[in-house]
Structure formats: structure tokens, C-alpha cells
Amino acid sequence: MDNLVIARVFSEIGDLLELKGENPFKIRAYRTAADIVGQTGERVTDLTDAELRAIPGIGKTVATKIRELADTGQLAFLKELLEEFPPTILDLLRLQGVGPKTVARLYRELGIGSVDALESAAAEGRLRGLRGLGAKKEQLMLRAVAEYRRREGRFPMPDVQDIADALAEHLRGTDPDLQVTPVGSLRRGCETCGDADLLVAGTDLAVLERFTAYPGVDRVLGRGETKASVLLTSGLQADLRLVPPESVGAALQYFTGSKAHNIALRDRAVQRGLKLNEYGVYQLDTGERVAGATEPEVYAALALPFIPPELREGRGEIAAADTDALPHLVSRSDLRGDLHAHTTESDGRADLDAMAIAAREAGLEYLAITEHSKSLAMANGLDERRTLAHARRIREADARLDGITLLAGIECDILRDGALDLAEDCLAELDIVVASVHSAFSQEEREMTDRLLRAVESPVVDVIGHPTGRLLRRRDPYRVNIEELIGAAAAHGVALEINSQVDRLDLCDAHARLARDRGVPVVINSDAHATNAFELLRWGIVVARRAWLEPEHVLNTRSVAALRAGLRCNRN
DNA sequence: GCCGTTTTCGGCCCGACTGTTTTCAGTCG
């Protein structure tokens, strides 16, 4: 059973327990378990009880429930909870400004158990009879219902980055020195963001007004002395925090999260007789302030080195920091080449020379040209004859152009049965072969996994491209046993790709970390189809950093000579 | 429900804003 399915079960249990007014710490335990399971790269159903129990936050009860889900495919506890409420009631919790207490009362006192029922009741003015609910709240709920219907959930992180950049530009206005920093899930580099959080250092309340007056604002959700929230016309919520300069470090830390990281950090503070909040670090007994102006200072007050935001997910980063074992994360400047790009020979929009020059201008030392293969007719894929002719042209261009090394490659389709789309003797002529799935996405897991394993076992395949095939918000990953794939890649010395296209980001962070842990080399590729696409590498880097990858784990941080030596080196 | 270099019981992160309150409950991050 997929980890995300199990995570959803625990998350629903948390919501339902909250509606029942259960012990908040029990609720938190289930939500923590949901986070942990969702962020684990390997299937938790494959772990032994002892391995499960060894994960902090997973205890006896949760481990037993994971086992029950693995064995029976369902969970009696969740079923019992769902008998107490209509299944549609959880939708009500997704409404802005509506929380568990309100939902529970709406259901108990008015029998409201769905968004539709709430909408009718609010429209008819039947809510204002309840204590604590007035006409204004009714209007807010109607608005929240409309927004809920319009919203498509979370936004891709690169889009949110653009929105945040534009907003920051607006806030700076005539003061280019104004310090505006994205925080929250955006700063941590999460692949999707539910909102855009910005932090401004200063004391001038005018910046809050500037924020709510931004032309892209649809409506103001709230505004006080230190914070304001707006809903943008794009449907994204944006939050601004204004903090005094002496507290910027503590505020950056606090608002970057994640929640799990912050809770652990505060716990550490309390253990050391300190209190940590968004204004600083204080002595518990005297209240004396000991840190807060900069983020490294805040971590130092807790006897920790600075922890990069991408690691702050409660996945062992504090323990690693405590023992001086934090990874030296890969960064964009470590990338020396790109191993996946297309030209007009298949479905790219720029020709060979233009792509080569653009790669050079993007600071790359080498670029592999990897067109589609013939079965992708829609993309003008190449057969063996065209592949070899194109390889000759690539090598000619390589000889002609200074400052960039071109590698002759292919993105070869993996056919339904796992065979490669081009003959092995043709592929063996090339410098690099990326193999990818582009068809028959609906195969069952066993069939799809065997298909990919066969490709990995081929002696001419160097890299598996976008290994799960997902398209964010459009297409789920195809059903592949990722652990088997990673195991096979490790055994055969085949690299797995982090594809930097904004709707792919595939491998995802959890899987890339698993690949690292199992000794599989990773490559970070643009999958460029145009000259500006090398910019996308920054998003692949974000995924890699969230996966704890260091330069040594990433093949295309090597020189071209070292890269060539590393390809197919484990084959016979 | 989880966890333990003081604990196997008794704790568990903290503050701002809103609406409906006249001192606060609920929600959010």
C-alpha cells in the first residue's frame, strides 16, 4: 500500500478525532504520523515492526495500525469514526475560518454535515442563532464556500516563487533596501505551496497598507499591527509578517518552519532552560533575551549549527546538526553539465547550435543532446539511422564550438514490455542513453516495475529519465515499486534523474533521498526544449537539497572526463 | 498517542487576529 494512502488515513483520523473533541495531543500524534509516513521514501508497509517503532513519532498503536492497513487494506478504527459523522463533513474543515469546534457544533446543533448544507443554512440566515455566530460570520462562511469551490488546492512552488518575487518588488517600492524574505514552505522548497509567506524587517506599519493595496489582491482576509493576510486574484493566499529588525533572525526561523522542525527546536530550547518564539531566544527564569537578530545566532543559542531551510522537515536534521553531521548540500554552482536536452531534431524549439550556446551561457561545461526515439512519433522521434546521423552532427558541433562539450545521446523510450525503442548496437554508439517511459502509463505495478527493471538491466542504459512519470496536479505517478527500481539501479550502476521541469520534479525529494541512501547516483537534468530552459535546473537543485544530496551524489557535478568514466562503469 | 541522562506517568510550542464576547473562544500559522 502506498505511503500517501496511509498518510491520508492518519490525517483523516486526526481530523475526525478533533471533531470529537479528543485529547489534542492524541490528535497531534496521528498528524505527526501522517507527516512521517508521507515523507518516508520506502514503503512503511515493507518495514518490520521493530523498524517502524524505531522511527521517532511512531509508537505501538500507530505501528499496529500500519500493520492492519498492510494486511487487510483497511482500518477498523477509521471505519468506526466515520460511522459517527457523514463522510462529507471533513470538507467543512477546508473552509477558511471554519475550524473543528465550529464544524462539530454545526453538525450537533443543526445537522450540517457538508459544504452544500452549510451554504444553504448560511444563505438562509440559520446560523446566527448559534452562540458566537453572527450575520458577519455567515457572510464570511459563504465567501469561504465560494473560494473553496474555486480553489484547486496547492500551487506549484516555482509559480509561488514568481508571485512572491512580484509582491516583494511591489513592497520595496521606492525603498530598494527594504528586507523582504519569503518564508514558509516556499523557503523550504516544498514542491507545492498552499500560500506565499513573506517576512519584512522593520517597524513602519505603512508596509502593511502597501501589502493590502497590491493590485493583485482580491480581498483582504485580515490586517493588524504585525501581520496581514490577503487572497490574490490567482487564488493564492499571501501572508505578510512585519517584525522589528532585532527579531528578524528568530522570525525567519519561526515562519520558515516546518511545524515539526519548530516543535522539536522549542522542545530543545525548553530542555536548555530557554524559550524560543518569533521574537527571540529567552532565558526561561530571568526572561533575559539571548538571541534573535540573525538566524545563525538563534541556532547557535540552541548549540546548533545553521540548518539549511530545505532540511527543516523534521527528518533527522536536528540530530544531524547536533552531531555535526549535516550534509554539505549541492548547489547550482556545483552543476557542471546537463544530460537531458532536446533540439528541433525532435520536439525542441531551438536548434543544436542555439541549445549548445545557451547551455554555455548558463555556465555549463557540457550538454548531452538526447532527442526522443522513434516510437514517440508525435515528438518526431528518431529511428536508428537518424540517431546515428544526428550523433555525427552533434560531434561536429562539439568540435566546432568552444567552451562547451557536447555529448551525443538519446532519450530512448522504454516500450510496454521493457524493451528499448532502438537497437542495442545503435545505442552503444552513443555517449549517453537516458531511458524513459512515455506510454502505457496505466499498467499494473508488477508489469510497470518489471518494465523499468528490464531497462535498468540493459547494458547500454545510463540514466532512467523522470522515473515515476508524474505531472504535478495533472497526472499521478505510474504504478512502480520505487524501492525495487532503486535497488536495481544500485545493483547495475544506473543513475536516476531528478527532472527539473516544474510540473515534473521527478524524482521527488523523498525518493531522491532513498536513492542517495541506497548508493544510487543521481543526475539533475533540465529536460530542456528551449534555450531558456537551463534556468529550470534551479528547481531540480531544490529537490536535491531537500533530499540531502551532496555534490558527490550527483553525477553531473563531475568534470566531463570523470562523468564519462562513471557511465556504464559497473557493466560488463 | 508518544516519549523518557531527573520521568513508564505526566507532560506535550507559542502568539496574533477576528468576531462576538464584556474577558474570550476559535482559528490560523
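Letters A, B, ... mirror the listed sequences (proteins, then strands); counts begin at 1.
Under 4.0 angstrom from either OP1 or OP2 of B:dC13 there lies no side-chain N or O belonging to A:Tyr282. Residue A:Thr226 has a polar side-chain atom (N or O) positioned under 4.0 Å from OP1 or OP2 of B:dC17. Side-chain nitrogen and oxygen atoms of A:Arg241 include none within less than 4.0 Å of the OP1 or OP2 phosphate oxygen of B:dA16. Using a 4.0 Å cut-off, some side-chain N or O of A:Lys275 falls inside it from OP1 or OP2 of B:dG15.
The separation between A:Leu221 atom CG and B:dG19 atom C1' is 15 Å, rounded to whole Å. A straight line from CZ of A:Arg53 to C1' of B:dG4 spans 13 Å, rounded to a whole angstrom. Between the CZ atom of A:Arg268 and the P atom of B:dC12 there is a distance of 19 Å, rounded to whole Å. Look at CG on A:Asp239: it is 8 Å from C1' on B:dG29, rounded to the nearest Å.
Counting atom types as modelled, A:Tyr254 pairs a side-chain N or O with a base atom of B:dG29 as donor and acceptor under 3.5 Å. The base of B:dG1 is paired with the side chain of A:Asn23 by a donor and an acceptor separated by under 3.5 Å.
Minimum atom distance to the side chain of A:Lys259 is reached by B:dC13, of the listed B:dC13, B:dC12, B:dA16.
Between A:Thr256 and A:Pro309 the shortest heavy-atom distance is CG2-CB, 4.1 Å.
Both distances falling under 3.5 Å, in either a Watson-Crick or a G-U wobble arrangement, occur for no nucleotide opposite B:dT8.
Using a cutoff of 4.0 Å between basic side-chain nitrogens and carboxylate oxygens, A:Arg143 and A:Glu119 are not scored as salt-bridged.
A distance of about 23 Å separates the C1' atoms of B:dC14 and B:dG4, rounded to the whole Å. Taking the P atoms as reference points, B:dT18 lies 37 Å from B:dC2, given to the whole Å.
Among the candidates A:Thr212, A:Asp239, A:Asp197, the single residue satisfying the side chain to side chain donor-acceptor pair (under 3.5 Å) test with A:Ser229 is A:Asp239. Checking each of A:Arg504, A:Arg546, A:Arg470 against A:Glu191 for a salt bridge (charged side-chain N to carboxylate O under 4.0 Å, His left out) leaves exactly one that passes, namely A:Arg470.
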